[in-house]
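Index from 1, following the sequence.
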Amino acid sequence: VDFDFDFDFGSLLNFDTSSFGDLSAALNLDVYGGWYLAAAATFLAVFQSNMAAKAVALIEETENKYAAELAEAMDAKVLAADAADVATSAATSARTAVRRSGGTADLLESAKVKQLAVEKEMVEQ
């Protein structure tokens with residue numbers, strides 16, 4: 001495959017500076033150069049301000065998502081603590097029932113009733 005480039009790379013190093021002079025004269029850089037610079041600075045400032053506003057909006061969105069997830073985790077923690085309290089209460093009641101009755105049949109019946117109560121409470125929540 002033969003690549004034929006008709007571009008003279010030497011012209012990049014030996015460019016004609018008179019074209020800059022023509023451009024400067026056409027734009028009246030000596031008279032309006034400050035205005036051109038002020039306009040470019042204003043454009044850059046507005047662009048940066050818009051980018052900063054987008055960054056702030058993204059940060060706020062991320063913080064809101066984090067706060068919602070944290071609140072959800074706290075709710076789950078409270079539910080787990082409530083379930084643990086119910087389980088502890090059931091275990092204590094089972095121990096007390098065993099001591100009173102001295103029989104496993106009463107214990108089994110009491111445990112089934114407590115289990116159903118716990119399941120019902122969990123479903124309601």
- Query: Between T88 and A84, is there a donor-acceptor pair closer than 3.5 Å when you use the side chain of the first and the backbone of the second?
  - Reply: yes
Hphob cluster co-occupancy, V31 + L27, side-chain heavy atoms under 4.5 angstrom: yes
Interatomic distance, CD@E60 vs CG@L58, rounded to 0.5 Å, equals 10.0 Å
Nearest heavy-atom approach of Y36 to L29 is CD1-CD2, 3.4 Å
Interatomic distance, CG@D75 vs NZ@K77, rounded to 0.5 Å, equals 11.5 Å
**Asked** How about E119: does its CD atom have over 12 heavy atoms from other parts shown lying under 6.0 Å from it?
**Response** yes
(Q) Tell me whether K65 is salt-bridged to E69, with the criterion being a basic N under 4.0 Å from an acidic carboxylate O. (A) no
